[in-house]
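In what follows, chains are A, B, ... by sequence order, proteins preceding strands, each numbered from 1.
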Amino acid sequence: MLDINFIRENETAIRRAIDVKGVACDFNRLLEVDRRRRTIQKESDAERTKSKELSGQIGLYKNPKGKWYQKALAEGRSQDELRAEGDKLQSESAGVRDRIKALEEESKSVNDEFRALMLTVPQVPSEKTPLGKDESGNVEVRREGKPRAFDFQPRDHVELGKSLGIIDIERGVKLAGARNYLLRGAGASLHQAVLRLAMDTIVSRGFEPVTVPVVVRDEMMYGTGYYPGGEEQTYRCERDEKSLVGTAEVPLTAMHADEILDESDLPIKLAAVSTCFRREAGAAGKDTHGIYRIHYFDKVEQVVLCRADEAESEKHHHEIIANAEAVLKALELPYRVMIVCTGDMGQGKVEMYDIETWMPSRNAYSETHSASRLGSFQARRLSLRYRGPDKKTRFCHTLNNTVIASPRILIPILELNQNADGSVTVPKALRPYMNGMERIEPHR
RNA sequence: GGAGAGGUGGCUGAGUGGCUGAAAGCAACGGUUUGCUAAACCGUCGUACGGGGUCACUCCCGUACCGGGGGUUCGAAUCCCCCCCUCUCCGCCA
C-alpha cells in the first residue's frame, strides 16, 4: 500500500507503474472515491461537532448532580423548567443523530471500497528496473561459476534420487498427491545439511535466528501483500481464517506489525527456516518433472526491516543478495543474478533480483532465490513503524531474500556433483553437517 | 473442549453513563540548579484521518480511537450482544 497523499501528488508515476507492471487497478475510481471519502468526513465531522455540543447542553439540564444544575436551581429555576429545556434540546439532537447515521452508512461503504482499491495500487518500480512484460524481460546482471561439462552421460536428479534411494516421489504422491515427495537417508541428511549451512552462514552475518508459525492469520497475508491476489496459491484453513505460509517472509516481516519501533532498533535482521506450502494452482503441466515445483519445501529466509531511506534500503538489498551468493559459492554452484523486469516483479516491489542456479537436467539457469525490496509497501499495510529522534513516526522499509530453498537446490547439487559410476560427491561445505560423508553411493 | 477472571496511553494503574482523550506513578524528552554525576524542581510527553497555515519544519482547528465489530442512549472506556486475545483451574495431548 502507498500513502494516499503520495498517490495524489504522483498521479503520473502511479499510472505508469500500473501500466508497466500490468496490474489491475482502477485508478480513476480510486481518486473519485478518495474525494468522496474526504467530503463525507468533513460533513460528518461537522455534524458530530454539533451533536457533541447538544449532548453537552442536554447533560447540563439532565444531570441533577451537576454543578451547573445546582447553580441553576439556586438561581431559582424549577426542575420542571430545566427538564422541559432538556427535552427540547433532546428532540433537536435526534435530527442530528439521523444525519450522522446516514453519513456513517455511506462512509462505511465508501471507505470499504477505498481500502480495497488502495490494496491494488502498485509500488513504483525503481529506475533501474527494466521494462518488460514477463520473465523474458529479465536482464542478467552477472554470472558466477561455470556450468560443468560432463565427459559421460549425466543423469537427472530424478534418476539419481531413485538409484541412490534418496528421493521417493511415488510414495510422496501416494501420501499427498501430485507434486509431493519424500527425501530419505542421505537425501534427507543432505537437505538438512544445506539448511544448516545456510542458517549458520546467515547468523554469522548478523541475522537473528527465529522460529516462526507457518499458519498465520489472513491479515498477515494481506499485510505482506500476498492477499488479495494470492489466495489461489495458498492453502487456507477456512474455519480458522488462517493461511499456511508460502514463505517465512510472511511471519518474519509481520512479526513487528502494529508496533512503533525505536529508530535505534533498526535495522532489524531476521532469518528463519520454515516449511513453505504452495498450491501451485494454475501451474498444471508446468515443471512437473522431479522436485522442481512442489507443494512443500523448506526454506531459510532472510528479512530486513530498516529506516525509510532509499539509499539504506538499497544497501541492504545488495547485502542480502551477497548473503545468498555466499552460500551458493560455498556450495560451488554456478549461478547468475537477474534483475527482474516490471511485468514479472509483482505489485509491491520497488526492485527485485532473482538468482538462478545452473541445472543440467533443465539445461538452464533456473530460479532458486528471489530478493525484493518493497519500500514501505508492506510496512504500511502492516502498520509497521518506527520513531526517529524528531519524534515523527515513519513506516519502515522491508526487504527479503531466500538464503536457500531445498529440495530445489538439491537438483543442481546432485546433478553437478554426480560421478560416472552413479555416485554423488558431497560438496565439501556440507560434509561437516553429514557426519563427514564424502559420497552418496548407490545401494542395492 | 469445559469453568472462571481479565484486556485502559511506552509500562504500572484509576476510572461503572455526561464535567474523561482519559487521574496518579514510572519511563522518556527539553529546561533550571550543579565543578561532574545523582537528586530536586518546571515543562513536554498516544495514534490516525480530515481541514487550515507555512518555502519548509514547528504550529492551529475538527473528528475518531480505552482489544475488534455491532447495539442501546440526546450522550458510552463505563450498559447489552458477537468475536479475538491473555491468565487460572479441569480435560485432552506432541
Side-chain angles (χ1 to χ4, degrees), chain A residues 1-9 30-31 33-73 82-115 117-118 211 213-220 222-223 237-243 254-266 275 308 376 379-396:
Chain A
M1 187 153 58
L2 303 184
D3 181 359
I4 184 61
N5 292 303
F6 175 86
I7 292 174
R8 286 197 287 258
E9 287 158 21
L30 173 68
L31 294 178
V33 169
D34 175 46
R35 273 192 295 271
R36 181 66 196 140
R37 172 184 143 262
R38 283 186 288 164
T39 312
I40 292 174
Q41 179 169 350
K42 248 192 273 184
E43 284 171 22
S44 116
D45 279 2
E47 291 295 342
R48 279 175 208 273
T49 307
K50 231 179 282 175
S51 158
K52 275 183 112 168
E53 273 165 17
L54 281 171
S55 294
Q57 293 266 309
I58 294 165
L60 299 177
Y61 288 97
K62 296 260 171 179
N63 183 7
K65 279 177 285 185
K67 277 186 221 147
W68 183 92
Y69 193 96
Q70 295 295 332
K71 197 171 154 217
L73 285 182
L82 292 170
R83 190 176 327 112
E85 287 281 334
D87 288 347
K88 210 176 97 196
L89 287 168
Q90 208 165 311
S91 57
E92 196 180 325
S93 179
V96 178
R97 201 240 330 237
D98 290 344
R99 282 199 292 280
I100 292 176
K101 266 225 164 102
L103 282 166
E104 249 173 21
E105 233 158 84
E106 192 187 350
S107 157
K108 203 176 168 237
S109 72
V110 168
N111 274 309
D112 284 350
E113 189 181 356
F114 176 71
R115 266 192 294 273
L117 286 165
M118 282 295 279
T211 74
V214 295
V215 179
V216 300
R217 294 176 192 280
D218 285 341
E219 56 189 278
M220 303 312 161
Y222 285 99
C237 312
E238 293 289 337
R239 59 180 173 174
D240 295 313
E241 297 181 317
K242 290 177 186 178
S243 298
M255 66 183 270
H256 288 292
D258 293 318
E259 293 180 28
I260 302 179
L261 303 164
D262 197 276
E263 188 175 314
S264 61
D265 298 332
L266 302 175
T275 302
S376 62
R380 281 179 193 283
R381 294 176 169 228
L382 290 165
S383 192
L384 163 51
R385 293 164 294 173
Y386 68 95
R387 199 191 305 276
D390 61 357
K391 306 261 188 174
K392 274 178 80 171
T393 59
R394 289 189 182 74
F395 291 102
C396 296

For the student: nearest non-hydrogen atoms of A/Leu54 and A/Val96, plus distance: CD1-CG2, 3.9 Å

Using a cut-off of less than 4.0 Å, is there contact between a side-chain N or O of A/Arg8 and OP1 or OP2 of B/G50? yes

Round to the nearest Å and state the distance from A/Leu384 atom CG to B/A48 atom P. 13 Å

Reckon A/Thr393 has a side-chain N or O less than 4.0 Å from the OP1 or OP2 of B/A48? yes

Nearest whole angstrom, please: distance from the C1' of B/A48 to the CZ of A/Arg385. 8 Å

Between B/G25 and B/U44, how far apart are the P atoms? Round to whole Å, please. 14 Å

A/Glu238: side-chain contact (heavy atoms from CB on, under 4.5 Å) partners, not counting sequence neighbours: A/Arg236

A/Phe114 CZ to B/A48 C1', straight-line distance once rounded to whole Å: 13 Å

Identity of whatever pairs with B/U47 - Watson-Crick or G-U, under 3.5 angstrom: B/A64

Rounded to whole Å, the NZ-P distance (A/Lys242 to B/C83) equals 15 Å

B/U47 OP1/OP2 closer than 4.0 Å to side-chain N/O of A/Arg387: yes

Separation of A/Asp3 atom CG from B/C49 atom P, in whole Å? 8 Å

Exercise: identify the closest heavy-atom pair between A/Ile58 and A/Gly86: CG1-O, 4.3 Å

Which residue lies toward the 5' end of RNA chain B, A/Phe395 or A/Leu60, if each is placed at its nearest nucleotide? A/Leu60

What integer number of Å spans the C1' atoms of B/G46 and B/A40? 28 Å

Gap in Å between the two P atoms, one belonging to B/A76 and one to B/G70, rounded: 14 Å

Identify the two heavy atoms, one from A/Asp45 and one from A/Thr49, that lie closest to each other, and give their separation to 0.1 Å. O-OG1, 2.7 Å

Non-hydrogen atoms of A/Leu2 and A/Arg380 that approach each other most closely: C-CD, 3.6 Å

Using the P atom in both, what is the distance from B/U72 to B/A77, to the nearest Å? 16 Å

Does A/Arg394 reach a base, just sugar-phosphate, or nothing at all? Heavy atoms under 4.0 Å. nothing

Minimal non-hydrogen separation, A/Ile260 against A/Tyr386, with atom names: CG2-C, 4.1 Å

Any A/Arg38 side-chain N or O less than 4.0 Å from OP1/OP2 of B/C49: no

For A/Tyr222, which residues count as a ring pair (Phe, Tyr, Trp, His ring centres under 6.0 Å) partner, sequence neighbours excluded? A/Tyr227

Say we look at B/C81 and B/U86: how far apart would their P atoms be, to the nearest angstrom? 23 Å

Identify the two heavy atoms, one from A/Ala254 and one from A/Leu382, that lie closest to each other, and give their separation to 0.1 Å. CB-CD2, 3.8 Å

Suppose you measure atom C1' in B/G69 against the same atom in B/A24; what distance do you get, rounded to whole Å? 32 Å

Could you tell me which nucleotide pairs with B/A3 by Watson-Crick or G-U wobble geometry, both distances under 3.5 Å, or answer none if nothing does? B/U88

On a whole-Å scale, what distance lies between the P atoms belonging to B/A94 and B/C83? 30 Å

A/Arg115 CZ to B/C49 C1', in whole Å, measures 12 Å

What string of B, S and - do you get for nucleotides 53-74 of chain B 5' to 3' if you count protein non-hydrogen atoms under 4.0 Å? ---------BSS-----S-S-B

Taking a pair to mean Watson-Crick or G-U wobble geometry with both distances below 3.5 Å, B/U54 pairs with none

Nearest-Å distance once atom C1' is located in both B/A27 and B/G10: 8 Å

